Amino acid sequence: MSAVAPALSNDQSEAYDRIAAALQDAGIDLADSAHAPPPRDRGACVLAVTGRAGSGKTLLLAALVKALTAAGVDLVSADWEGRRRRDRRTLAVLAPTNKAASVLRQRGVPATTIHRILYTPIYAPEYEKIADWLAGSGARPPVAGLGIEGLTEAALDRAQAFYASLPSVPGALAAAGLRGSDFIRGWKRREEPLDVGFVDEASMLDDRQFADLKDIFPTLVLFGDPAQLAPVGQSGAMVFDTLPPPRRLTLNRVHRQASDNPILDLAHALADPALTFEGFERLVEGAALRDTRVELAERVDADAMARSPVLVWRNATRVRLIAAFRAAHGAAEDLLPGEPLICDGIELPLKHRKKRMDLEARGLIKGAQAIYLGPGRSPGFARVHVVGAEEPQLSVAAIIKIEKPDEADPAIVTAATMGAAFLHGAAVTIHKAQGSQWPAVQVFAPDLLAAARSGRAEAGVPLWKRLAYVAVTRAEERLIWVTRYRLARPTRPLGTDDLPARAAPLALSGEA
C-alpha cells in the first residue's frame with residue numbers, strides 16, 4: 001500500500017489494494033506514485049465500496065485521492081479542466097447533491113456535483129490564460145497584456161494564494177475581484193469522456209445517472225451505504241446491487257473515529273432483525289441518559305428549523321410543521337428574509353437550455369437547500385443563498401410555493417413566468433434528506449411510529465428501520481428525537497447575518 005495512505009483497518013486496506021490494482025491496470029501506479037498515458041485497449045471498470053455509516057468510506061476515499069494526487073493525477077472540477085494532453089491523467093470526485101458535495105469538501109475532499117461535471121464552462125480567452133497559469137499548464141500572464149480592467153499584479157497574487165489553498169479557478173478569480181459573469185461566457189454539455197471518477201453517496205444514484213457516469217468515466221468507483229433508502233421508483237434496489245460480487249467491496253468494521261459515537265451506535269442497532277420500534281425508542285432513551293449528543297424532546301425546536309429541517313416521513317406532517325413554523329415566526333403571505341427553501345427544479349423551456357445549465361452549474365439543482373434573502377430588483381425575482389455552493393448568493397426568477405394544511409393549492413409567494421421553483425424548507429421528508437448532513441438533526445418520531453404500524457417493507461427490510469437509519473445518520477454531532485406533535489416558540493427572529501458570502505477554502509485531509 002502507498003505510503004501516502006493513512007493507517008487503515010483490514011477491510012479498508014483490502015479495498016484500497018483492490019482499487020489500486022484496478023488503477024494500475026488503467027496505467028496509474030499508486031505504490032510508486034507514477035502514471036502513464038491511458039492504455040489504448042482500455043476497458044471499462046466499475047467498482048463499488050459499500051458500508052454502513054462509520055465504516056470509513058470517506059476516510060478511504062480521501063486516502064485514495066491523496067495517493068492519486070501524489071501519483072501526478074490532476075483533480076478535475078467542473079470549473080476548469082486545463083489543456084488536454086495525451087499523457088494527462090485526471091480524477092473527478094462527485095456527489096449527487098450540492099449538500100453531499102459540501103459535506104465532502106468540509107472533510108477536505110475536493111468534490112463537485114454530478115450535474116456540474118456533465119457541463120463544462122466556456123471561458124473568455126483572456127481569462128483562459130489566467131486559469132492555465134493557476135492550473136500549472138501555463139506561464140503567469142502579464143497583467144498589461146490581458147486587457148482586464150482593474151486587474152493588478154497584487155490581485156493575481158491573491159488569486160494564486162487562494163488556488164494554493166483550494167484548487168478552484170472561479171474561487172481564485174473571485175479572490176482577485178472578478179465575477180463569474182466576467183469570465184464565464186456560457187456552459188456546454190460534456191462531449192468527451194474523462195478518466196477516473198469517484199462517486200460518494202452512490203445509494204442515491206438512479207439507473208439513468210449511473211449510465212451517464214459509465215459513459216464519462218472508463219474507471220468508476222462508487223461509495224455507498226446499502227442501508228439507506230433507494231431512489232424512488234427503483235423497488236428498493238441500488239445501482240451497485242447490479243454489480244457482480246467481485247466488483248463489490250464491503251467495509252464491515254466501524255472505524256476507530258466513530259467507535260464512541262452514540263448516534264452511530266443507534267444506527268447500527270437497526271441492523272438487528274429482532275429490534276422493534278418500541279425497542280429502538282428505549283435504546284434512544286438510554287443513549288440520551290448517557291450522552292448529551294442524543295436528546296429526547298417533546299417539542300420541535302423552531303429556531304433550529306431555520307437552518308436544518310425537521311425530518312419526517314409523511315408529506316402531510318411536513319406541511320403542518322412548516323405552517324406551524326411560519327405562524328410561530330409571525331410570517332404572513334410574504335416570505336421573511338432567513339426562511340429556508342428547497343429547490344423543486346428548474347422550470348424553463350428547451351430554448352432556455354443555456355440558462356438552465358448556468359443555474360444548475362451554480363448549484364441550483366432539484367433538492368438544493370437555499371435561504372431566502374429578499375426580493376430581487378425585478379418583479380418575479382428573488383435573492384437566495386444556495387447552501388453548499390462555492391458562490392452561494394444569486395438572484396433568480398423564482399416560483400416560490402408554500403403549501404398549507406388541508407388546502408389543495410399552495411400559496412404562490414413569488415410567481416415568475418419561468419425560473420427556479422422552490423418549496424419551503426423548514427421540514428423535509430427523510431427521502432429528500434439523503435446526501436445531506438447537519439450538525440444537529442431533529443427527527444420526528446411520531447412519523448416513524450406510523451411507518452412501523454403500516455407494516456411496509458423495502459427490499460425485505462421494515463420501512464421504518466430504513467427511514468430511521470437515514471434520519472439518524474444525517475446528524476453530525478447531535479441527534480434530537482422529538483416524541484410529540486408540539487412546537488416550541490422561537491427565541492430569536494429570522495435573519496441572514498450568519499450566512500457566508502462564499503464557501504471557505506479547505507485543504508485536502510485524510511480525516512473522516
Side-chain angles (χ1 to χ4, degrees), residues 97-99 300-312 315-348 355 359-360 362-389 391-429 432-433 436 438 442 487-501:
T97 65
N98 292 317
K99 187 63 177 178
V300 175
D301 185 337
D303 292 327
M305 292 171 75
R307 293 296 177 266
S308 59
V310 182
L311 304 187
V312 304
N315 196 55
T317 305
R318 179 184 70 84
V319 174
R320 287 199 296 272
L321 282 171
I322 289 169
F325 168 85
R326 301 199 75 237
H329 279 286
E333 293 299 318
D334 293 334
L335 280 172
L336 300 176
E339 289 199 65
L341 302 172
I342 297 289
C343 180
D344 197 38
I346 307 296
E347 298 183 2
L348 290 171
K355 183 60 178 177
L359 291 174
E360 290 179 343
R362 295 186 63 184
L364 204 56
I365 59 178
K366 187 166 184 175
Q369 288 180 265
I371 307 297
Y372 181 71
L373 301 177
R377 292 182 179 178
S378 302
F381 276 68
R383 292 182 295 112
V384 298
H385 176 102
V386 182
V387 177
E391 296 187 18
Q393 296 185 8
L394 72 155
S395 180
V396 62
I399 305 161
I400 303 176
K401 309 171 186 176
I402 300 180
E403 299 149 295
K404 296 184 177 181
D406 304 320
E407 292 187 20
D409 296 324
I412 307 297
V413 177
T414 300
T417 305
M418 53 190 175
F422 294 94
L423 300 174
H424 205 280
V428 301
T429 62
K432 284 189 179 292
S436 298
W438 297 272
Q442 300 184 84
L487 180 75
R489 291 184 179 276
T491 62
R492 56 182 180 271
L494 291 166
T496 61
D497 292 344
D498 60 312
L499 301 176

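Since we're looking at a predicted model, the values are computed, not measured. Residue numbers count from 1 along this sequence.
- Atom OG1 of T317 and atom CG of L311 lie 12.5 Å apart (nearest 0.5 Å).
- Applying the side-chain hydrogen bond (donor to acceptor under 3.5 Å, both in side chains) test to R326 and every residue at least two apart in sequence or in another chain returns E339.
- The salt bridge (Lys or Arg N to Asp or Glu O under 4.0 Å) test applied to D406 returns no partner, not counting sequence neighbours.
- Contact check for I371 versus P340: side-chain heavy atoms found under the 4.5 Å cut-off.
- Evaluation of the side chain to side chain contact (heavy atoms under 4.5 Å, CB included) rule for A328 yields L487, P490 as partners, not counting sequence neighbours.
- I400 CD1 to I412 CD1: the interatomic distance, rounded to the nearest 0.5 Å, is 10.0 Å.
- Taking every heavy atom of both residues into account, L494 and G338 meet most closely at CD2-O, 4.0 Å.
- Residues satisfying the side-chain hydrogen bond (donor to acceptor under 3.5 Å, both in side chains) criterion with R320, sequence neighbours excluded, are absent altogether.
- Using modelled atom types, no side-chain atom of H329 and backbone atom of A331 make a donor-acceptor pair closer than 3.5 Å.
- Taking each heavy atom of A306 and F325 in turn, the nearest pair found is N-CE1, 4.0 Å.
- Note: I322 CD1 to K404 NZ = 12.5 Å, rounded to the nearest 0.5 Å.
- Among all heavy-atom pairs drawn from P309 and Q369, the shortest one is CD-NE2, 4.0 Å.
- With values rounded to the nearest 0.5 angstrom, N315 atom CG is found 9.0 Å from L423 atom CG.
- Within the 4.5 Å cutoff, no side-chain heavy atoms of V387 are placed close to those of R307.
- Pairing each heavy atom of P392 with each of P500, the nearest pair is CG-O, 3.8 Å.
- For M305 against A426, the heavy-atom pair with the smallest separation is CE-O, 3.5 Å.
- Of the possible donor and acceptor atoms, one in the side chain of D303 sits under 3.5 Å from a partner among the backbone N and O of T491.
- Considering only residues two or more places apart in sequence or on other chains, R383 meets the salt bridge (Lys or Arg N to Asp or Glu O under 4.0 Å) condition with none of them.
- L321 and A427 make their closest contact through CB-CB, 4.2 Å (heavy atoms, listed as atom of the first residue, atom of the second, distance).
- Evaluation of the salt bridge (Lys or Arg N to Asp or Glu O under 4.0 Å) rule for R377 yields no partner, not counting sequence neighbours.
- With values rounded to the nearest 0.5 angstrom, L335 atom CG is found 11.0 Å from L373 atom CG.
- Interatomic distance, OG1 of T496 versus CD of Q393, reported as 8.0 Å (0.5 Å rounding).
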